[in-house]
Structure formats: C-alpha cells, structure tokens
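First comes the structure, then the notes that go with it.
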Amino acid sequence: MAELKAWQRTVTCGALRAENAGEEVTVAGWAETIRDHGGVTFIDLRDRTGVVQIVVDLSRNETSEAAHAEAQKIRAEYCISVRGRVVQRIAGAENPHLPTGSIEVEAREIIVHNAARPLPFQLNEDTVTNNEEMRIKYRYLDLRRPAMYRKMWLRHEVVRRVRSYFYKNDFLEIETPMLTKSSPEGARDYLVPYRLEPGLFYALPQAPQQYKQLLMVSGIERYFQIAKCFRDESQRADRQPEFTQIDLEMSFVTQDDILNMVEGLMIEVVDGLAEETGKTILHKPFPRIPYDEAMARYGSDKPDIRFGLELTDCGAILENTQFAVFQNVLKSGGLVKAIRYPGGASLPRSGMDELVNLSREFGAKGFAYFLVDDGGAVTRGPVAKFLSDEEKAAIVTASEAQPGDLVGFIADTKEMTNKVLDRLRRLIGDRLGLIDKSKLAYCWITDFPVFAKDEETGGWTFEHNPFALPQEGHLEWIDSDPARMRAYCYDMVCNGYEAASGAVRIHKPEVQVAIFKKMGLTDEQIEARFGHMLDAFAFGAPPHAGMAPGLDRMVMLLTDDENIREVIAFPKMGGGYDPLMDAPATVEQKQLDELGLRIIEKEPEKKQVI
RNA sequence: GGAGGAGUAGCUCAGUCGGUUAGAGCGCCGCCCUGUCACGGCGGAGGUCGCGGGUUCGAGCCCCGUCUUCUCCGCCA
C-alpha cells in the first residue's frame, strides 16, 4: 500500500493549464495514444477529466533511465502514473484542440499499474459504428470513451437535480420492494421462485404503482423514488427489460397540481443542463392537449409537436361525396383524413409510389392523393378526378395546402387511419427537415378514455391503467356508454416519445370495484388480486394522484440518442441477453431442486423436409 | 409470433456477371525515427467469408434451411 500512496495523483489530467507550469505533479490514468519518435516519446494520458501530454525525453529532460525503459513498454490503455514537472510546450508545439494543449508533463518517473491486452475495438472510433454486442460485452472499455463518460455524468446530473427538486418540495424518498406479487394485467412479469414453498413466486415490480398508493394511505402525502421497473416484453430501441422511473405520488392534490409539479421538475432539470446539452424546451408552459384532440390533429396520443403538418378530418367535407371508396369508409364509421406534403407535387413518380407502398406496409389499404397546381387548382393526382371541385377546394382550404403541395388521404377504420397518418406525418416531417433537433417539445396529453375495447375478448379493458379516476359524472355512463368515459389521466410527451404517465387515482373502494367489474373481473378475482388495495382504501384513503416520468428516455433525449442503451451503464441486448455477465444462465441442479423446479426442454421446432 | 436490414482479418468495411492466390483502412508484431498530437517510414503476421446442406467444372456471390444481431409491427396496466 505504501507504493500506492507514494504514487497517488496530486492533480487531474484535465485540470492542468499554462499557469501550472513549473509545478511538480503526479498524474494517473490510461495511455490513450503513444507516439514514439525514437529519442522522444509522447503519451496522451487520459483520466475522466481530460487528456494531458506526457513527454518522455531522455536527452533533454529529467527523465530517468527507468522511466524511459518503462515508457517503451506502454501500449494503448495501460493504466499508469507519471511523476514529473509541468512545463510550457516549446514554441509551435502547442495543441489548440486540447484544453491542456499549452503545457505538457515531463516525465521523471513512470509506473505501470497494469498492462492492457490489445483492445477488442478501438476507443477513439465513433461509438455508433461499432458492433453493439462487442460494446456491451466489453462495456467497461466502452465506458472509458469520453463520450460515454459524459452520458453517465449527464444521467447522474439529472438524477441529482431530480432529487434536489423533490427534497426542496417536501417529498420523502422511500424505497419499495423488488420482490412482490404478480399482477395479471399489463406486461408479462419476471418471476422469482419461492424456495420455502415450491409453486409460489414473487414477481419483480413492473412499477411501484400499488406501493406508492398505499404510501398515500399511510399519510406520507408526498413520495418519490428513482425506481427500477421490470417488464418482460419485446425489446425496442427505447425499451429495456429493466428501466428506471422517476416515480412520484401526492395526496390532497388535483390533476393540475401534479402537472405543474412535474412540469416544474422538467423545466428545472432541462434548463439547468441546457448549456451542457444544447437542448432547450420549445413550449413553456407545456401545451395541454386532450386525448381526443391529439388523435384528431396528429393521429397519435404521443405527437411530435416540434413541427406542424397537422391532419385534416375530411368527414364533413366529403359527407355527400360521389367517390365510392371514401363514401363507403365514411358510411361504415371509418375516417377519411388528409395530410399535406409540402412541395410534394414535385416528387418524382417513384416518390409518390413510395408513399402508397409505405401506407400499405403500415397497414392501410391504400394512399390516395392529389396535387395542388401553381394556381391553387387541383387537376392532377389519382383522386383529383373523383372529387368535385367544391370538395377539392374545401380540402385545400381546410388542410392549408399551398400550391406545389401534395395532399394525401388515408380512408380506413378510425384506428388504422390515425396510425398510418401518424407514421406518414413523422416520416414527412423528418424528410423535409422540419424538425429542430435542438428543441425538446414537451406537451401534456390529458383526458384519456377510461376503457378501451379489447379486440381479443370483445370486452372492455382499461385504456391507460385500472386505477385512474373517472372524471366527475362520467361514472354514470359505465353501462350505457363506457367508451365515452374519460379519466383524470395524463401523459407527458416529448418529441414523439411517451415521457411520463400518470393519473388521479381512485380512492373509493366502490368506484374501484365498479371499474374492475366492467373489465370482467369476478368478485373472487378482484379479492385475490386487489383485495389488499381495497382493504387499504377502506381505512380512510386520501384522494391522491401521481405520475412516473421515465428516466432513461429523458436522458436519451438530452444526449440526442435514439437508443436507450446508450444512456444505461450496463444494458441488455434484444431478448434480455447480457453478453458481459453472460446472463441469463443455467444454475446448479441443487438450486433447482431446492426450488422444486424441473426444466422442460423446449420441443424442437418442426423441421421442414425438402 | 411476423416483416425488413446486417453477418467477410481483432475493429470498420469493400469484394463487379459465379472464375486464378479474398482485399483496404485502422489495430497488432518487428525494425527505424528528437516535437508529435489520427506522428511518420520500412517489413511482417493475421481469414472455418456466421453455421449446415444444395446447384455448378467452379460459390464470399445463386438456392434451401438455421443461428446471431439491429430496426419496425404485434406486445409494452
């Protein structure tokens, strides 16, 4: 340990400047590059604060023979310490690209703490072009890149500011269990077998939802937690099997109180880091858009409002249209909606065909369109001849289409029309460069429906979550018109991502039971799954509401990444595989025996005989 | 579960119409080099073209199957 102490660094690499010239220092870090000129050797030494140039020069400096010999051995990513003097670089040898570029450290002594094998990939290469499995398998190396360190630092800084905000606002930070109970709704659970009674299982929490509501019953009043959540569902670029939520809940508050509290949080954190991230918030206060309006204007409940290109519902205009395709869709309760493609009239034929093909790929039956001529009239495009002049003029006006624009139509079921136009809208916005990447366009989507039709069973399921409080008076419609019911339920959306989700909760047992029953649960099922919640509500549960912004996506937006794995220290790959730890993995037979588990081998897939 | 892209040297990639010994850059190894900072120069090693089968005189390239991976759809209270 004496040696370790003797070689302890006195200063960080990135901190050295011209005014440090003459100082005796010890620096420590990793050799980033080595440039050996025979007589003189330069080593770029990197620690987390930056890079400083080490000069090993036997003839001119105080470099010891031993140090010179040691320097010959050093290769990329060796971990070393260097003792020496900070000196001004000789004239003309300064490096203006380096903050420490005006000085260098003349090495008197060097110690190699640890050699490094040749690396599986080079750290100075662009991270995104590297094989991701390799990056994750050797994540400890990948994280040595300054760009990755910066992401970890930024994430830390977000968390620090989140905590500071909630402490300031009198929230209590409380942890909730990781070993809990499976709830059959929602996502697939990760299960943990219970040793003492084989056949019983814990589940890892999909969210601390029930616990935080119980904390409100406990009178905590203001709770938050940086909470790990687990969902065994298919992966996406913005999803991981385990992820982190900024979970909060408050008692005796209204929906507005929660929205304002979270909006304040986002503004404080994002604005506070604006200098670091280059990201600014586009709209303050965040626009509040009711769900129905969001679906009408954008075809999505998570619209990217960094750009316009809002959709136009042509139902009223085409009420008496002679065009059979549109007529039939409207008669059968579907939607005909239009989107303008600015300048789209000058697309090559192949570009227009592509829109048709994409629409089909997205699930629509087709993509009809017409082109707006220079004079504003509509004479070209496949549907131009099927629509009357009045209809075309009204659509041009309603969609605010300009001469030279293409106006496209999707006519399908309500769901399909919106889904396809949402994707086309984002595609066109991206292609035309309408998106300002430096902006974070937050908005609130409010007034979600309570129920959604379950396509599989034909029954009713919850649109958002089963604990959301129906709005005042809406419970009356639970039998007559459940689709009409709206909840005090809200999402925070940013740049087309769902950034947070929450609701005013039901705190009366009888209301909760009514909702569960509408979802088709029997008394027995309700008791078994949610008996503890209903019990708790029966002991003076306060009105309460909450929300849960996703931390990973938030950081991802701040670092300008399109992949959540970039901002997670040790992420998993698709399928939940972790190549670093090689998890999941088999366990000892003894462990299985203890748990009373027997593995049933997967049946081999039926091979096709040629 | 489905669709599409990718898989060639340690890494990033090229490889034409199916044709001789599969290439480049970086990295690695050796030698040289006193002011570089993507140092430079000379030389060298390094390949189960993901895997299995097929077509063919001949397959990195064509066909079938399969695995891995990325993106998307389904899924994600």
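To find a chain, count down the sequence lines: A is the first, B the second, and so on, and within it residues start at 1.
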Any stacking of A/Phe121 on B/rC11, going by centres under 5.5 angstrom and planes within less than 30 degrees?
no
Side chains of A/Gln53 and A/Val105, heavy atoms from C-beta outward: is any pair under 4.5 Å?
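No, too far: nothing below the 4.5 Å cut-off.
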Check: A/Met178 and A/Tyr202 side chains under 4.5 Å, non-hydrogen atoms
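No, their side chains stay 4.5 Å or more apart.
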Look at all strands and tell whether [X] reaches a base, only sugar-phosphate, or nothing, counting heavy atoms closer than 4.0 Å.
X        : result
A/Asn563 : sugar-phosphate
A/Gln209 : base
A/Arg75  : sugar-phosphate
A/Ala93  : base
A/Ala207 : base
A/Arg117 : nothing
A/Glu133 : sugar-phosphate
A/Gln210 : nothing

Which nucleotide in the list B/rG27, B/rU71, B/rC33 gets nearest to the side chain of A/Ala237?
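For A/Ala237, the side-chain atoms sit closest to B/rU71.
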In terms of side-chain heavy atoms of A/Asp44, which of B/rG35, B/rC37, B/rC28 is nearest?
B/rC37
Would you say a side-chain N or O of [X] is under 4.0 Å from OP1 or OP2 of [N]?
X        : N      : value
A/Arg239 : B/rC75 : no
A/Arg35  : B/rC39 : yes
A/Arg236 : B/rC70 : no

Which of parallel (below 30°), tilted (30 to 60°) and perpendicular (above 60°) describes A/Phe467 and A/Phe530?
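Perpendicular: the ring planes of A/Phe467 and A/Phe530 meet at over 60°.
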Who does [N] pair with, Watson-Crick or G-U, both distances under 3.5 Å?
N      : result
B/rU68 : B/rA6
B/rA24 : B/rU12
B/rG43 : B/rC29
B/rA59 : none

Taking the same atom, [atom1], in [N] and in [M], what whole-Å distance lies between them?
N      : M      : atom1 : answer
B/rG52 : B/rC67 : C1'   : 10 Å
B/rU12 : B/rG7  : P     : 11 Å
B/rC63 : B/rG1  : P     : 25 Å
B/rU21 : B/rG30 : P     : 33 Å
B/rC61 : B/rU55 : C1'   : 14 Å
B/rG18 : B/rA59 : C1'   : 6 Å

Rounded to whole Å, how long is the line connecting atom CG of A/Asn131 with atom P of B/rA9?
11 Å
Could you pull out the closest heavy-atom pair between A/Ala76 and A/Ala116, with the gap in Å?
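Nearest pair, atom of A/Ala76 first, then A/Ala116: O-CB, 3.8 Å.
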Taking every non-hydrogen atom, the tightest pair across A/Phe537 and A/His507
CB-O, 3.8 Å
Please confirm whether any donor atom in the side chain of [X] sits under 3.5 Å from an acceptor in the base of [N], or the reverse.
X        : N      : value
A/Arg231 : B/rC76 : no
A/Glu104 : B/rG35 : yes
A/Glu132 : B/rU69 : no

Geometric cation-pi criterion A/Arg48 and A/Tyr149, 6.0 Å radius, 45° cone
no
Using the side-chain hydrogen bond (donor to acceptor under 3.5 Å, both in side chains) rule, collect all pairs that involve residues 86-100 of chain A, keeping only residues at least two apart or in two chains.
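Pairs touching residues 86-100 of chain A that pass the test: none.
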